[in-house]
Protein chains: 2
Amino acid sequence: MFKKPECDDCLTRTKSCFVHLVNEDLIELNEKKVCNLYKKGQNIFYEASKPTGIFCLNEGKIKITKIGIDGKEHIVRIVMAGDLFGVRALIGGRNYASSSTAIEDSIVCYLNKDTFLKFIIKYPKMAHSLMTFLSHLLEESDYKMGSLALKPVRERLAESLLYLNNKFKPDFDLQNQYTHQINSLSREELANLIGTATETVIRLLSEFKKDKLIAIEGKIIFLLDIPKLKKVANILE
Amino acid sequence: MFKKPECDDCLTRTKSCFVHLVNEDLIELNEKKVCNLYKKGQNIFYEASKPTGIFCLNEGKIKITKIGIDGKEHIVRIVMAGDLFGVRALIGGRNYASSSTAIEDSIVCYLNKDTFLKFIIKYPKMAHSLMTFLSHLLEESDYKMGSLALKPVRERLAESLLYLNNKFKPDFDLQNQYTHQINSLSREELANLIGTATETVIRLLSEFKKDKLIAIEGKIIFLLDIPKLKKVANILE
DNA sequence: AAATATCAATGACAATTATCATATACGAAA
DNA sequence: TTTCGTATATGATAATTGTCATTGATATTT
């Protein structure tokens with residue numbers, strides 16, 4: 001089992017639009033929310049189903065996916081601890097356009113639609129913070145769309161390794177002792193993230209390894225040379 | 001020259017978040033907005049520049065594009081009359097991540113940031129309608145991302161023809177006399193929309209023509225067999 | 001109307017990427 | 001530990017798509 005998180009001292013809440021809630025509303029959030037532990041591989045919501053509330057990831061990692069007609073999967077984005085998910089469908093008044101699945105054991109909090117909407121109406125700042133959140137999701141989606149349209153697989157793979165590393169690394173790493181690594185995604189999931197075949201990812205990773213850009217230990221990928229990876233990814237900065 | 005549109009009787013306003021404004025605010029919107037005619041090919045804003053306000057397309061068509069490092073263009077979306085654009089950057093507090101260019105002679109209205117934000121704060125409904133708008137943009141982007149990742153070029157082309165036809169066709173066509181056609185995009189722009197080479201588009205269009213799915217007259221593409229096009233596009237419904 | 005530039009069309013070829021087959025390594029479960 | 005299933009790895013080959021070159025069509029300018 002797991003310990004149900006308390007909203008009061010929840011670090012992830014302070015990164016989300018719920019940071020604006022105070023007093024009785026914060027208490028209500030804490031009471032009304034339903035938390036669950038999802039084991040790796042378990043599904044949270046399904047594409048085409050109707051949203052009844054909103055999710056917040058307290059701990060773990062979630063993938064948001066679409067399934068093509070032939071059954072192939074595409075990973076639209078990765079949700080990190082502190083992120084809301086399932087927002088778009090609820091706000092947009094549409095069914096889910098994608099599914100969500102835990103890629104690590106994850107603690108997920110759920111708040112029903114009515115309470116959530118009540119809060120949005122009561123707290124204009126919460127609405128604004130949601131607008132900003134949606135804007136950033138859109139920016140990320142448009143960026144990824146551009147990569148898929150303009151870049152060859154090799155560049156997309158390097159780019160996604162850097163993207164994942166940025167997402168996965170801790171917020172604070174003062175001693176700079178974090179070893180840049182990716183271990184929550186299988187090769188197949190990496191392929192599904194960048195829109196290519198599993199074998200192509202494996203082959204390119206072997207090349208990256210030969211070129212000393214990365215090291216591979218089982219399913220863990222260590223990023224050894226980030227500047228060069230950026231060159232391969234065709235990223236300026 | 002052109003006639004500056006009046007917000008009062010502006011049909012496009014009623015489709016946008018500005019529908020909530022009343023009385024003196026509607027008057028202020030009408031006075032503060034700045035309208036311009038952009039000839040086909042003219043640019044409205046540039047990638048990486050800082051937004052100072054928001055745009056509303058009164059008449060015409062706009063493409064939103066990203067440029068790859070090698071100079072290749074990707075069309076992120078098409079803006080139709082009545083749509084706001086430049087919203088994401090302003091709301092998200094970031095620079096533009098894409099450029100906008102008229103693909104037909106277009107009348108564009110502009111409202112400065114301060115007035116716009118003032119309205120959002122004063123009218124909570126406007127904020128909610130913006131949230132919904134952003135949600136729908138995100139849904140479209142994620143959909144297109146999925147197509148780029150999962151579908152071969154042939155399917156994407158059929159899909160985009162149907163998508164454009166839906167966008168371009170008039171809201172009301174009671175006599176059902178509209179001839180489904182696409183004429184605002186060059187072959188190169190079609191290619192940039194679906195992430196492929198111009199020659200590939202031209203070749204596939206020739207095939208579609210041979211299969212009686214479309215007819216071609218110069219740069220105009222007529223959709224002849226929409227059900228079959230849906231099959232080629234691998235769309236269910 | 002002639003000249004020029006731009007766009008569409010098509011062929012030949014090369015590069016990229018996917019698919020299929022198979023071997024090997026790894027991890028979970030008995 | 002052994003076994004079994006799954007993930008990784010690599011080779012061979014085919015399919016898709018991109019690039020370069022050329023021609024023809026169309027539109028725009030002088």
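Just so you know, these numbers come straight off a predicted model, no measurement behind them. Note on naming: letters A, B, ... go to the chains in the order of the sequence lines (proteins, then strands), and numbering restarts at 1 for each one.
Considering only the side chain of B:Ser206, C:dT10 comes nearest among C:dA8, C:dT10, D:dT8.
In this entry the distance linking CG of A:Asp70 with P of C:dA18 reads 13 Å, nearest Å. For the pair B:Lys219 NZ and D:dA27 C1', the interatomic distance rounds to 11 Å; values are reported in whole Å. For A:Glu217 and D:dA9, the CD to P distance is 12 Å, given to the nearest whole Å. Atom CD1 in B:Ile220 sits about 12 Å away from atom P in C:dA9, given to the nearest Å. Between the P atom of D:dA21 and the CD1 atom of B:Ile202 lies a distance of 17 Å, rounded to the nearest Å. The CD atom of A:Glu207 sits 11 Å away from the P atom of D:dT10 (whole-angstrom rounding). Here the C1' atom of nucleotide D:dT6 and the NZ atom of A:Lys40 are 12 Å apart, to the nearest Å. With rounding to whole Å, A:Ile221 atom CD1 is found 13 Å from D:dA7 atom C1'.
The number of heavy atoms from other shown groups lying within 6.0 Å of NZ (A:Lys4) is above 12. Within 6.0 Å of NZ on B:Lys228 lie no more than 12 heavy atoms contributed by other residues, nucleotides or ligands.
In this structure, CZ in A:Phe168 is found 7.0 Å from CD in A:Glu104, a value given to the nearest 0.5 Å.
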Exercise for the section: Take A:Asn165 and A:His180 through the test side-chain hydrogen bond (donor to acceptor under 3.5 Å, both in side chains) and record every step on the way to the result. Expected result: CA-CA 6 Å; A:Asn165 179 52; A:His180 303 276; 3.0 Å; yes

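The aromatic rings of B:Tyr110 and B:Phe55 sit tilted relative to each other, their planes meeting at an angle between 30° and 60°.
With B:Leu185 as reference, B:Leu164 is the one residue of B:Leu164, B:Asn192, B:Val201, B:Ile221 to meet the side chain to side chain contact (heavy atoms under 4.5 Å, CB included) rule.
Residue B:Leu205 is classed as having no contact, given no heavy-atom separation below 4.0 Å to the nucleic acid.
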For nucleotides 14-19 of chain D, tabulate all protein N/O to nucleotide N/O atom pairs closer than 3.5 Å, reporting atom names and distance.
unit_1 : atom_1 : unit_2   : atom_2 : d
D:dT17 : OP1    : B:Val153 : N      : 2.9
D:dG18 : OP1    : B:Thr196 : OG1    : 3.3
D:dG18 : OP2    : B:Thr196 : OG1    : 2.3
D:dG18 : OP2    : B:Ala197 : N      : 3.3
D:dG18 : OP2    : B:Thr200 : OG1    : 2.9
D:dT19 : O4     : B:Arg203 : NH2    : 3.0

